[in-house]
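A short worksheet on the structure shown next.
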There are 2 protein chains.
Amino acid sequence: MKMVRKKVPKATINRLPLYLRGLVNFYSKGERVVSSTRLAELIGTNSAQVRKDLSFLGEFGIRGIGYEIEKLIEELSQFLGLAQAKKVIVVGVGRLGSALLGYNGFKERGFEIVAGFDVDPSKIGKEMNGVNIYKMDSLRKIVKKIGVDIGIITTPAQKAQEVAEKLVEAGVKSILNFAPVSIEVSDKIPVRNVDLSVEFQILSYYLSKGEKSIIKRGNEKRFGEGGKPSIK
Amino acid sequence: MKMVRKKVPKATINRLPLYLRGLVNFYSKGERVVSSTRLAELIGTNSAQVRKDLSFLGEFGIRGIGYEIEKLIEELSQFLGLAQAKKVIVVGVGRLGSALLGYNGFKERGFEIVAGFDVDPSKIGKEMNGVNIYKMDSLRKIVKKIGVDIGIITTPAQKAQEVAEKLVEAGVKSILNFAPVSIEVSDKIPVRNVDLSVEFQILSYYLSKGEKSIIKRGNEKRFGEGGKPSIK
DNA sequence: CTCTGTGAAGTTGTTCACAGCC
DNA sequence: GGCTGTGAACAACTTCACAGAG
């Protein structure tokens, strides 16, 4: 029972879902084995990177052959905690919120949107794509009842911080924020931000520079609030 | 006329739009000067990081005081190439594509969506939020005519690669891809990928680990295709 | 005394290069 | 001969710590 699996770098964590995506794709095309080189091409890195990344989870390659796709998918899913389905809610059923409610691809991947919330009376009580829209006041009660893994914020910027606090208070375990502000959650709740204007602006820079190709991958950590430095 | 401004790290580039966002926010609240510490809190990093990042663009802080917000906004906008408005098209007017077409926040920030494209005859010829939807066959002609800075891909995964190639071929200068596949563009065209399932899966990992807070920021580079290493 | 700008130190992440197994 | 796994070298990025300006 060896428990001390080496610490997996954040940068690696961010790539694992991409490997998984590619592997599932390969598998559905009938392939059963894949080399690090092939996987690397797929996500725009090199084979050494792939081998190093995968080596953090264990040794499941076969020298001279490659990786058995089915087994790798299993290992990655396990490692990423995808074994059980996750429950997701969407707060803010505007254009983007509606688009997310309407997309069925998440469910296939184990992320089920179980409720929507909004303040607009014309939306409350309706259902979209089989998902009920509730009023904000019900958030706490519903979250307590069904247990929610991920809360998506698709409200206007000014409401985002307030919503984030309500989500945490209600017991939502992590947050995906689409509002164009940084939200501050006092707790140790994982938060990821997706700001499309930021994406545009980064592209704008490379455009104006006449720069080379870039592939975006998530990254950047922070602990709690203050930015306390760690041990030294 | 000193031209050899130091190379700005990718990690810094990815943070600049966040500083800009925060500065605009501060400014609209009537503030005129800001310290590195305050800016750092805003995006979840520390003051040394902020000062180092800004120092790559020049010296515009005032010792003992801080940064003049208006000036910093100007410098950042300039640096990111936001001085002239950018033209954007959306290929794939499904749920997500429609949401993007309907959102007016981009225009305010200088990114104007000038056309949509789809294969669905029921959408072609319509207009959404003042943007005309064209058939895919018109892509080349329209892009040639108006000049397009950013092409957004919101098609199903199977079509994304094909669309990417058409965009490049038509002369679109950069790509923002929402389809859940890695696209391969032969040219030196900047590409950024946003895959919401990937975001979910990264959150899933931190959830299952009971891990600390993370803030996502884009990152990861690649040159052209092969992954050729650089000079040694 | 406050807050910036920046070399230097420290940390994290990537690539090399080769031993080991198929 | 082909491909993985991995220490060691290298490169990128972050944080420290302090000189210097207001």
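This is a predicted model, so every value here is computed, not measured.
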> Which of these nucleotides, D:dT14, D:dG5, C:dT14, is closest to any side-chain atom of B:Arg15?
Replying inline: D:dT14
> B:Asp53 CG to D:dA12 P: how many Å, rounded?
Replying inline: 16 Å
Any protein N or O atoms within reach of nucleotides 19-22 of chain C? Criterion: under 3.5 Å, listing atom names and distances.
from: C:dG20; atom 1: N3; to: A:Arg63; atom 2: NH1; distance (Å): 3.2
from: C:dC22; atom 1: O4'; to: A:Arg63; atom 2: O; distance (Å): 2.9

> What pairs with B:Glu41 under side-chain hydrogen bond (donor to acceptor under 3.5 Å, both in side chains), at least two apart in sequence or on another chain?
Replying inline: none
>> Can you tell me if B:Gln49 touches the phosphate of D:dC13, counting only side-chain N or O atoms and a distance under 4.0 Å to OP1 or OP2?
In response: no
> Quick one: A:Asn46 CG to D:dC3 P, roughly how many Å, whole number?
Replying inline: 15 Å
> Mapping A:Lys52 and B:Thr37 to their closest nucleotides on DNA chain C, which lands nearer the 5' end?
Replying inline: B:Thr37
> Rounded to the nearest Å, what distance is computed from the CZ atom of residue B:Phe60 to the P atom of nucleotide C:dT4?
Replying inline: 13 Å
> Does A:Arg51 place a side-chain N or O at less than 4.0 Å from the phosphate oxygens OP1/OP2 of D:dG2?
Replying inline: no
> Tell me: CZ of B:Arg38 to P of C:dT2, nearest whole Å?
Replying inline: 18 Å
>> Whole angstroms only, please: what is the CZ-C1' distance between A:Phe56 and D:dG7?
In response: 12 Å
> For the side chain of B:Ala48, counting heavy atoms from C-beta on, which of D:dT15, C:dG5, D:dG5 is nearest?
Replying inline: D:dT15
>> Under 4.0 Å from OP1 or OP2 of D:dG2: is there any side-chain N or O of A:Tyr67 that close?
In response: no
> Within 45° of the ring axis of A:Tyr27 and under 6.0 Å from its six-membered ring centre, is that where the NZ or CZ of A:Arg32 lies?
Replying inline: yes
> Separation of B:Lys7 atom NZ from D:dA11 atom P, in whole Å?
Replying inline: 13 Å
>> Once ring pair (Phe, Tyr, Trp, His ring centres under 6.0 Å) is applied, do any residues pair with B:Phe111, and if so which ones, sequence neighbours excluded?
In response: A:Phe200
> Can you tell me if the side-chain N/O atoms of A:Ser36 get under 4.0 Å from OP1 or OP2 in D:dT4?
Replying inline: yes
> Within this structure, what is the NZ-to-P distance between A:Lys10 and C:dT11, rounded to whole angstrom?
Replying inline: 15 Å
> Looking at the rings of B:Phe79 and A:Tyr205, which for Trp means the six-membered one, are their centres under 6.0 Å apart?
Replying inline: yes
> Could you give the OH-to-P distance, from B:Tyr19 to C:dT4, as a whole number of Å?
Replying inline: 12 Å
> Nearest to the side chain of B:Thr45, which nucleotide is it out of D:dC3, C:dT4, D:dT15?
Replying inline: D:dT15
>> If we count only N and O atoms by modelled type, under 3.5 Å, do the side chains of B:Arg51 and B:Ser47 hold a donor and an acceptor together?
In response: yes
> If you measure only the distance, is there a donor-acceptor pair under 3.5 Å linking the side chains of B:Ser182 and A:Arg21?
Replying inline: yes
>> The test is side-chain contact (heavy atoms from CB on, under 4.5 Å); show your working for A:Glu165 and A:Val185 and say whether it passes.
In response: CA-CA 7 Å; A:Glu165 286 162 17; A:Val185 285; 5.7 Å; no
